Amino acid sequence: MTMRLYNTLTKSIENFSPIAPDGTVTFYSCGPTVYDDAHIGNFRSFLNADILRRALQLHGFRVKHVMNITDVGHMTEDDAADGGGEDKMAVAGRRIAEAKKSGKLPAGAEIDATDPYAIASFYADRFLEDARHLGLQVAIEERTHPELMPRPTRCVPQMIALVEQLIARGHAYVAKDGVVYFSVESFSAYGRLSGNTLDKLREGEGGRISAQHQAVKRHPADFMLWKPDPTHLMRWPSPWGEGYPGWHLECSAMARMLLGDEIDLHSGGEDNIFPHHECEVAQSCCASGRPAFARMWFHTRHLQVEGEKMSKSKGNFFTARDLFAKGVTPAALRLELVRTHYRTNSNFTLQGLRDCQRMIDRWASARTSLAARSAGTGAGPFQRALIEFKEALADDLNVARAIAALNTAIAEDASGDPIAELAALDAMNSVLGVFERNEALQSAAADDLATKVEALLERRRAARAAKDWAESDRVRDELTALGVRIKDGPQGTTWERAV
RNA sequence: GGCCGCGUACCCAAGUGGCCUAAGGGAACGGAUUGCAAAUCCGUGAUUCGUGGGUUCAAAUCCCACCGCGGCCUCCA
């Protein structure tokens, strides 16, 4: 079965086949910048890349997946050219210093707010923790293969080498202000990925590129590769003076270092298309002399929350850990973030999170009864569903259709060889990745709640034994008020936090 | 201002010319179960696909207009 995927570069759905004859897929994903906790919108993008990677694996490919963790403090107003504004790490540092003062520092954050490396490392660790909870396979692999999640601060020599090569080939120049710029006019395919060709850029709204740098550049869209700045927070020696790299440079350098000059797949959020990925293409192609950098570009559309753009001011802004702290299982969050096709704007809702949890619980109980079954031969509903599941994923990653296939199997009567049926269900889960993370995360608050709940359940058990229904119902109301939902079963009462 | 995408039941969401009197999940409702609930199981659910035109033997699917929402062009996943 051939995987078909939408390629941003050609704006069409194409058959996927890797460059390497042995079928190994080279896949680079733009990861987070670690100056704050990743929010659920970030994770929608990262998880869709993860689903793609797992779907490829289900289809028999070996995947070498790299995702960077950007620990350089790029500028808050860093536009295509200039590197203006404030360093993000400095902003994060100030935020941490303020939090320290007001005693609202996140747990375990004994960090020096003036040390950008400490800030980056603090948030990188938190990102990896969240990512592993959510089943981001590359983050799980990172434990044994740290090179799969490279940090730009450790790859500066490779970036410098790339800039030197671009200068040598006539694609970059040192301007009068000492800054090294990429010359967009030297790359005729500039604009092909995003549609922002040079003539259109000139026609566009424009006026955003600050005038002070324009004078020294050959073309207004020329973007910075290296900026000498002896006062910058993070800086490295270079042939152009002590300074820092441009923000597009890292991905080109690291993809090349780890995956080669030409790669199969490159992913990111839709906002990365321009300027970030456009500039990456230009840098990589011009450095390698090849016509292509990534053969296929995979972009995930943005997430909305309760029908609105997510923003801190609207109060609809969630990080993964915010939700985990409320008792949301990583499995439910994972499913809610990937169940909508990656090329449509998805709408994250609390109701949707509950829907996902119920679906996963039903799958899990189906798995339990399947594992307990011994009789049956041949193909049953799950083996049939797996075929449809794989076809749906091969169809430009149609996750919703794949999930429907699984749901349909669950509604059918149990039949077929139980071992093969279980294997089929687990194969589907190898992409969905929910069974192994369907438990709420532990925390001090959760432990505290558990103690209270256990005491109340004991009171209720006693009341029920005495047929004191009034007392029993009173206790149940108390539990409900605590946000707890109870389930009475033959083996006694279980409970969970209602989300 | 330029470029682009979307609008399917109460909610999420698949389907992009005939197998669609529209998949799947949740909610709701009815039943089984329960001390009563919750959970679970069974059943019910859009003659209709933002609105108005058009093309076609045939449209949710193609075209046009309008309304609404969103994205990129600028740091952002």
Side-chain angles (χ1 to χ4, degrees), chain A residues 11 29-33 36 38-49 74-86 88 91 194-197 199-210 247 267-276 278 299-304 306-311 335-337 339-362 365 388 392 395 398-408 410-411 464 467-470 472-473 476-477 479-480 484-489 493-496 498:
Chain A
K11 292 184 174 51
S29 292
C30 279
T33 301
D36 203 349
H39 60 248
I40 55 176
N42 300 127
F43 275 114
R44 160 138 132 122
S45 164
F46 304 145
L47 286 173
N48 269 111
H74 294 294
M75 300 299 110
T76 53
E77 290 162 37
D78 192 17
D79 59 33
D82 310 323
E86 196 179 358
K88 283 175 187 166
V91 176
S194 63
N196 288 334
T197 49
D199 52 318
K200 281 188 183 146
L201 279 173
R202 232 182 305 245
E203 284 167 9
E205 184 74 341
R208 307 270 191 160
I209 299 166
S210 62
W247 78 285
S267 77
E270 60 173 325
D271 53 282
N272 282 151
I273 297 170
F274 189 88
H276 186 52
E278 192 69 66
H299 292 105
T300 301
R301 283 197 163 269
H302 277 183
L303 177 82
Q304 289 181 259
E306 305 287 352
E308 288 191 276
K309 190 169 177 159
M310 179 166 68
S311 75
L335 190 61
E336 169 70 0
L337 292 176
R339 74 211 276 232
T340 302
H341 190 86
Y342 72 94
R343 282 193 293 115
T344 63
N345 284 110
S346 78
N347 186 18
F348 175 91
T349 63
L350 259 21
Q351 180 61 51
L353 214 44
R354 283 187 284 262
D355 294 355
C356 286
Q357 187 60 64
R358 301 192 69 132
M359 228 189 298
I360 294 163
D361 288 346
R362 228 155 27 83
S365 81
E388 163 68 9
D395 177 17
N398 192 334
V399 176
R401 213 179 101 200
I403 290 171
L406 172 52
N407 279 324
T408 304
I410 279 171
R464 276 160 55 88
K467 294 202 191 300
D468 182 353
W469 307 128
S472 164
D473 291 349
R476 191 168 61 200
D477 289 344
L479 287 162
T480 306
V484 168
R485 188 164 38 223
I486 56 171
K487 296 182 200 175
D488 291 329
T493 303
T494 60
W495 65 279
E496 62 187 14

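Predicted, not measured: the structure shown is a model, and the values here were computed from it. Proteins get letters first, then strands, A, B, ... in listed order; numbering begins at 1 in each.
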Trainee: Compare side-chain N and O positions of Asn347(A) against OP1 and OP2 of C12(B) and report whether any pair is under 4.0 Å apart.
Mentor: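 Looking at the OP1 and OP2 atoms of C12(B), one of them is under 4.0 Å from a side-chain N or O of Asn347(A).
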
Trainee: Check whether the aromatic ring of His302(A) stacks on the base of A77(B), taking stacking as ring centres less than 5.5 Å apart and planes within 30° of each other.
Mentor: yes

Trainee: Pick the C1' atom in A9(B) and in C42(B), then give their distance to the nearest Å.
Mentor: 22 Å

Trainee: Using the P atom in both, what is the distance from C69(B) to G30(B), to the nearest Å?
Mentor: 37 Å

Trainee: Would you measure the distance from the P atom in A22(B) across to the matching atom in U34(B) and give it in whole Å?
Mentor: 37 Å

Trainee: Specify the separation, in whole Å, of atom CZ of Arg301(A) and atom C1' of C4(B).
Mentor: 7 Å

Trainee: Please examine the side chains of Thr340(A) and Arg301(A), heavy atoms only from C-beta on, and report whether any two atoms are closer than 4.5 Å.
Mentor: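 They are not in contact (no side-chain heavy atoms under 4.5 Å apart), so the answer is no.
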
Trainee: Is a salt bridge present between Arg343(A) and Glu270(A), judged by a nitrogen-to-oxygen distance below 4.0 Å?
Mentor: no

Trainee: Distance check: side-chain N/O of Lys11(A) vs OP1/OP2 of C4(B), anything under 4.0 Å?
Mentor: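 Checking C4(B) against Lys11(A), no side-chain N or O comes under 4.0 Å of OP1 or OP2.
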
Trainee: What interatomic distance, in whole Å, is found between C1' of A37(B) and the corresponding atom of G5(B)?
Mentor: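 Pairwise C1' distance, G5(B) against A37(B), rounds to 46 Å.
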
Trainee: Ignoring backbone atoms, establish whether Thr340(A) has a side-chain N or O less than 4.0 Å from OP1 or OP2 of A13(B).
Mentor: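 So the side chain of Thr340(A) is within the cut-off, an N or O lying under 4.0 Å from OP1 or OP2 of A13(B).
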
Trainee: Under 4.0 Å from OP1 or OP2 of G15(B): is there any side-chain N or O of Asn398(A) that close?
Mentor: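 The answer is yes; a side-chain N or O of Asn398(A) sits under 4.0 Å from OP1 or OP2.
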
Trainee: Atom CZ of Arg44(A) and atom P of C76(B): how far apart are they, to the nearest Å?
Mentor: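 That distance rounds to 19 Å.
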
Trainee: Give me the distance, rounded to whole Å, that separates G18(B) from C29(B) when you measure between the P atoms they each carry.
Mentor: 38 Å

Trainee: Are His276(A) and Asp271(A) side-chain neighbours, meaning at least one heavy-atom pair lies under 4.5 Å?
Mentor: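 With C-beta onward as the side chain, the pair stays apart.
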
Trainee: Would Asp361(A) and Arg358(A) pass as an ion pair if we require N to O under 4.0 Å?
Mentor: no

Trainee: When you check the phosphate oxygens OP1 and OP2 of C12(B), does a side-chain N or O of Arg354(A) lie under 4.0 Å from one of them?
Mentor: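 False: Arg354(A) side-chain N/O out of range (4.0 Å or more) of C12(B) OP1/OP2.
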
Trainee: OP1, OP2 of U40(B) versus side-chain N and O of Arg358(A): anything below 4.0 Å?
Mentor: yes

Trainee: Look at the side chain of Glu278(A) and the backbone N and O of Ser194(A), then say whether any donor-acceptor pair between them is shorter than 3.5 Å.
Mentor: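 Yes: the side chain of Glu278(A) pairs with the backbone of Ser194(A).
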
Trainee: Quote, to the nearest angstrom, the P distance that separates C73(B) from A60(B).
Mentor: 37 Å

Trainee: Does a side-chain N or O of Asn42(A) approach OP1 or OP2 of A77(B) to a distance below 4.0 Å, or not?
Mentor: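 Affirmative; the distance criterion is met.
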
